[in-house]
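Worksheet: the structure to be examined is printed underneath.
Basis for what follows: all heavy atoms, side chains included, without hydrogens, waters or symmetry-related copies.
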Amino acid sequence: MNHKTPVLRFAPSPTGYLHIGGARTALFNWLYARHTGGKFRLRIEDTDRQRSTPEAIDAILHGLTWLGLDWDDEPVFQFARAGRHRAVAEEMLAKGHAYRCYATPEELDAMKAQQRAEGKPTRYDGRWRDRDPSDAPAGAPFVVRLKAPQTGETIVRDLVQGDVRFLNENLDDMVLLRSDGNPTYMLAVVVDDFDMGVTHVVRGDDHLNNAARQLQIIKAMGWPEPVYGHVPLIHGPDGAKLSKRHGALAVEAYRDMGYLPEAMRNYLLRLGWSHGDEEIIPTAKAIEWFNLENIGKSAARFDFKKLESINGHYIREMDDAALTTEVVATAKRQMPEIQLSEAVRQKLTAAMPGLKARAKTLLELTDNAQFLFSDGPRAPDEKAAALLAGEARGRLGRLAARLDETPWEAAALEASVRAFAEAEGLKLGDIAQPLRAALTGKTTSPPVFDVLVVLGQAEALSRIRAHAD
RNA sequence: GCCCCCAUCGUCUAGCGGUCCAGGACGUCGCCCUCUCACGGCGAAAACAGGGGUUCGAGUCCCCUUGGGGGCACCA
């Protein structure tokens, strides 16, 4: 192992949004870089010209930014480096570590078909490996293949999975340069990692097999081996592979569902990494504690319930004013026409201590805060309407008269309502619930005396009288 | 088909040969608090996939089976 400052990288291919699995991989890389004082770099693997789009690049960058994962230096765009990749292929050719293969696609198909028919594994048989270059058909297209070792084994020393051994006889001579002169992924990754000085390759374990092949190129070039860490994939709630149907959403979908970036980081970290029994791990602690050794070896399922619980925790921890800003932003996103005045913002902030204990997401919080969004009587929902029927109207009317005389302060209001209940021979709940319904239009809310205070006397009384006789 | 990885409560996990009749968290179910719903507190049910070894002793090491997952392109 070397003693240079670690350089980590996240290398998404811009063929879609940043999904939750990629987000976690990015998080692990970022945490390790921050933990060690190393670098966290980005490389956009845009060599698939058909499927790569600028929109996807944008989505990935925005996703990372929302998650709070900042990167060092400028992102590297892989396609722009094709020339360098070609040069390395040439160098390998010159050193005898690679050779030209003139087999046509049809020929290779036939080869594979026969191997299958014979029940043998389908592998390139090395038909051009030792052929004299003068046999080459003049002017015919060719690919450049790695002259891979045919005996012995390639060992991936993985910090997560341990030593993983591959028999070289099972790895065929892979293509380095396509017949159109463009590099393959295997070549490009190795060259870029080397040029970027990448010391630690942390990525999904769907790349574990690739690591062996990439190692063969690295060895042929005599380059230093990076430290590998292949992280298990995340599965959907049903245990199946993550798909759009369940969980493989763009990270920004989580923002839209009302999750906080800090909560996402905590949840994602805990999904596959542990530090004893610690569950609540704020980012500062995460940076302090993170290591590659404690990454779990098995795939994890995504569990919204736990995410919600952690999100609720961070909401409760969050500053009231900051939360108000989030609520306003959420309300605007949901109801673009809404105008929330400075007065409303102040009420929201004042009510926030009571509100935030009752919400697990920003969506829920915003929904529960709606009774503060505008003045005027509330249209009660079905359950609230039931509480406002019958005797409640008369009681509310008499209560309003009493409240009119009460100092507008929580303790005094509570004393007043309790006295009223006693005078009417009621339990506190018998009047508090209709009161809540009149004030908020709902059957649940923060403590009703706090609601009275936040609303202010005039607004509160007007809402009560709207449902009183 | 071939190669590779994985396997502790429903879920995420702790456990790195004895201190584990297996601990924490989410969820679930009780109880307490209480003006509602939450928050908070207390408590309960709930797991070492199966079979062989190794060892005085195995959740922890080895092998097999089973079950999941990933990879086998001139895609990344």
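- Atom CG of A:D46 and atom C1' of B:A76 are 11 Å apart (whole Å).
- Legend: residues meeting salt bridge (Lys or Arg N to Asp or Glu O under 4.0 Å) with A:R436, ordered by chain and number and at least two apart, are absent.
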Shorter than 3.5 Å, N or O on both sides, protein versus nucleotides 7-10 of chain B: list them out with atom names.
none

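- In this view, A:D192 and A:R43, A:R81 satisfy the salt bridge (Lys or Arg N to Asp or Glu O under 4.0 Å) rule, not counting sequence neighbours.
- Taking atom P in both B:C12 and B:G27, the straight-line distance is 15 Å, to the nearest Å.
- We find that CG of A:L355 is positioned 17 Å from P of B:C37, with the value rounded to whole Å.
- By the side chain to side chain contact (heavy atoms under 4.5 Å, CB included) test, A:A321 is found to be paired with A:D319, residues two or more places apart in sequence or in another chain being considered.
- Across all strands, A:V143 comes closer than 4.0 Å to base atoms (heavy-atom distances).
- In this structure, CD1 of A:I281 is placed 12 Å from P of B:U13, rounded to the nearest angstrom.
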* Structure fact -> With B for base contact, S for sugar-phosphate-only contact and - for none (protein heavy atoms under 4.0 Å), nucleotides 18-24 of chain B reads -----BB
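- Taking atom P in both B:A7 and B:A44, the straight-line distance is 30 Å, to the nearest Å.
- B:G53 sits 29 Å from B:G15 when the P atoms are compared, rounded to a whole Å.
- Distance check on atom P: B:A22 versus B:C9 gives 14 Å, rounded to whole Å.
- As rounded to whole Å, 17 Å separates atom P of B:C2 from atom CZ of A:F166.
- Screening residues 97-120 of chain A for ring pair (Phe, Tyr, Trp, His ring centres under 6.0 Å) gives A:Y102-A:W128, A:Y102-A:F142 as the qualifying pairs, with residues at least two apart or on separate chains.
- B:G23 sits 11 Å from B:A45 when the P atoms are compared, rounded to a whole Å.
- Annotation: side chain to side chain contact (heavy atoms under 4.5 Å, CB included) contacts of A:E288 (sequence neighbours excluded): A:K285.
- Every pair passing side-chain hydrogen bond (donor to acceptor under 3.5 Å, both in side chains) that includes a residue from residues 179-191 of chain A is listed here, sequence neighbours excluded: A:Y185-A:H207.
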Which pairs, protein N/O on one side and nucleotides 33-36 of chain B N/O on the other, fall under 3.5 Å?
| from | atom 1 | to | atom 2 | distance (Å) |
| --- | --- | --- | --- | --- |
| B:C35 | OP1 | A:R418 | NH2 | 2.7 |
| B:C35 | O2 | A:R436 | NH2 | 2.4 |
| B:C35 | N3 | A:V448 | N | 3.3 |
| B:U36 | O4' | A:Q433 | OE1 | 2.9 |
| B:U36 | O2' | A:T443 | O | 3.1 |
| B:U36 | N1 | A:R436 | NH2 | 3.1 |
| B:U36 | O2 | A:S445 | N | 2.9 |
| B:U36 | O2 | A:S445 | O | 3.2 |
| B:U36 | N3 | A:R436 | NH1 | 3.2 |
| B:U36 | N3 | A:S445 | O | 2.7 |
| B:U36 | O4 | A:P447 | N | 3.4 |

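- Using a 30° and 60° split on the angle between ring planes, A:F304 and A:Y254 fall in the parallel class, below 30°.
- Applying the side chain to side chain contact (heavy atoms under 4.5 Å, CB included) test to A:P377 and every residue at least two apart in sequence or in another chain returns A:A466.
- Nucleotide B:C74 holds its P atom 7 Å from the CG atom of A:L108, rounded to whole Å.
- A:G296 comes within 4.0 angstrom of nothing in the nucleic acid, heavy atoms only.
- A:K442 has its NZ atom 13 Å from the C1' atom of B:A38, to the nearest Å.
- Applying the side-chain hydrogen bond (donor to acceptor under 3.5 Å, both in side chains) test to residues at least two apart or on different chains, the pairs with a partner in residues 415-430 of chain A are A:R398-A:E424, A:T406-A:S416, A:E414-A:R418.
- Remark: the separation of the P atoms in B:C37 and B:C33 is 14 Å, to the nearest Å.
- Nucleotide B:C72 holds its P atom 10 Å from the OH atom of A:Y185, rounded to whole Å.
- Atom OH of A:Y228 is separated from atom P of B:G70 by 22 Å (rounded to the nearest Å).
- Ionic pairing of A:D172 and A:R213 is present here: one or more N-O contacts between side-chain nitrogen and carboxylate oxygen are shorter than 4.0 angstrom.
- Remark: the separation of the C1' atoms in B:G1 and B:U54 is 34 Å, to the nearest Å.
- By the side chain to side chain contact (heavy atoms under 4.5 Å, CB included) test, A:A468 is found to be paired with A:L396, residues two or more places apart in sequence or in another chain being considered.
- If you take atom P in B:C21 and the same atom in B:A47, they sit 15 Å apart, rounded to whole Å.
- The aromatic rings of A:F290 and A:F28 lie tilted to each other, with the angle between the two planes from 30° to 60°.
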